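Since this is a predicted model, take the numbers as computed values, not measurements. Letters go in sequence order (proteins before strands), and every chain restarts at 1.
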There are 2 protein chains.
Amino acid sequence: MKVNKELLKGSTVSIILAMLDRQSMYGYQMIKEIEKQSDGFFAFKEGTLYPILHSLEAKGMVESYWTETEGSRRRKYYRITGKGRLHLEKRRSEWTIFCKAVNQVLGEGLG
Amino acid sequence: MKVNKELLKGSTVSIILAMLDRQSMYGYQMIKEIEKQSDGFFAFKEGTLYPILHSLEAKGMVESYWTETEGSRRRKYYRITGKGRLHLEKRRSEWTIFCKAVNQVLGEGLG
DNA sequence: GTCTATACATAGCATATCTAGGTATAATAG
DNA sequence: CTATTATACCTAGATATGCTATGTATAGAC
């Protein structure tokens, strides 16, 4: 991460769900994709991503399935569920509200 | 806090410094003011604010002074320092960059 | 055959906020 | 005069979350 990593807390789950909302992906791929789509800003660590994916699966927000094409490494794909999409929408609006509130307080003179 | 409080992590220090940049205040006052200026969105707990103020003072970002007017409670005022202002500017730009990156990833189609 | 990139996984650490508790004074209600 | 509430400070411990470090295994490059 390029800036204060504490900023990220509370946004990681939203980011992961948003990525999976665009297309199903496997863990390693997500790390690369998130980095790419944020212009190298977010560099998720495996130790961050995998536990979150497991937790999201346990909560029914995502589903996983293995692919084992011959001559290729096994990959565990994750797909967002309906429940996951609802949660994402909630998180998205939370983020918008939060963002606005911080800007209001941080803004030089006033919001 | 009204939403996911984890979102707040990493922003509290910026918020506190931004408040003190407008005017010197004492702890209890800050809690009320921050709540007011964010339209009731941020409700800092004393257990959150005071340790941060102490830490900021130890780092030379803020300075404190007691006022003990007669017939009134003692109050410990905090004033932002030059170092604190520099830090605030850094944090502000961090926030802007972070905000942009999250919006880019969270945005429906793309940023 | 060795090294690197890919691909999954987890235990333990560090950090930051909150909960819950403590102390003390001024103002108000009874 | 006493009890309660609001003000005003403080800290220890619980909790949450991402990171560090480490482990396993396979495909491809040299």
Qualifying residues under ring-ring contact (aromatic ring centres under 6.0 Å, His included), relative to Tyr77(A), sequence neighbours excluded
Tyr26(A), Tyr65(A)
Using the side-chain hydrogen bond (donor to acceptor under 3.5 Å, both in side chains) criterion, which residues pair with Gln23(B)? Sequence neighbours excluded.
none
According to the interplanar angle, ranging from 0 to 90°, do the rings of Phe44(B) and Phe42(B) count as parallel (below 30°), tilted (30 to 60°) or perpendicular (above 60°)?
perpendicular
Could you give the CZ-to-P distance, from Phe44(A) to dT17(D), as a whole number of Å?
14 Å
Using a 4.0 Å heavy-atom cut-off, write out nucleotides 5-11 of chain D from 5' to 3' as B (base contacted by protein), S (sugar-phosphate only) or - (no contact).
--BBBBB
Specify the separation, in whole Å, of atom CD1 of Ile31(B) and atom P of dT19(C).
13 Å
Can you name the side-chain contact (heavy atoms from CB on, under 4.5 Å) partners of Lys32(A), sequence neighbours left out?
Tyr28(A)
Phosphate OP1/OP2 of dT17(C) contacted by Lys45(B) side-chain N/O (<4.0 Å)
no
Going by the rule side-chain hydrogen bond (donor to acceptor under 3.5 Å, both in side chains), which residues pair with Ser55(B) if we only count those two or more places apart in sequence or in a different chain?
Lys59(B)
Whole angstroms only, please: what is the CZ-C1' distance between Phe42(A) and dG18(D)?
13 Å
Leu8(A) atom CG is separated from dA16(C) atom P, nearest whole Å, by 14 Å
Distance check needed: dT17(C) P versus Ile34(B) CD1, whole Å only.
12 Å
Nearest-angstrom distance from the residue atom CZ of Phe98(A) to P of dT17(C):
11 Å
Can you check the Glu35(A) CD to dA5(C) P distance for me, whole Å?
14 Å
Once side-chain hydrogen bond (donor to acceptor under 3.5 Å, both in side chains) is applied, do any residues pair with Ser64(B), and if so which ones, sequence neighbours excluded?
Glu57(B)
Rounded to the Å, how far apart are Met25(A) CE and dA7(C) C1'?
15 Å
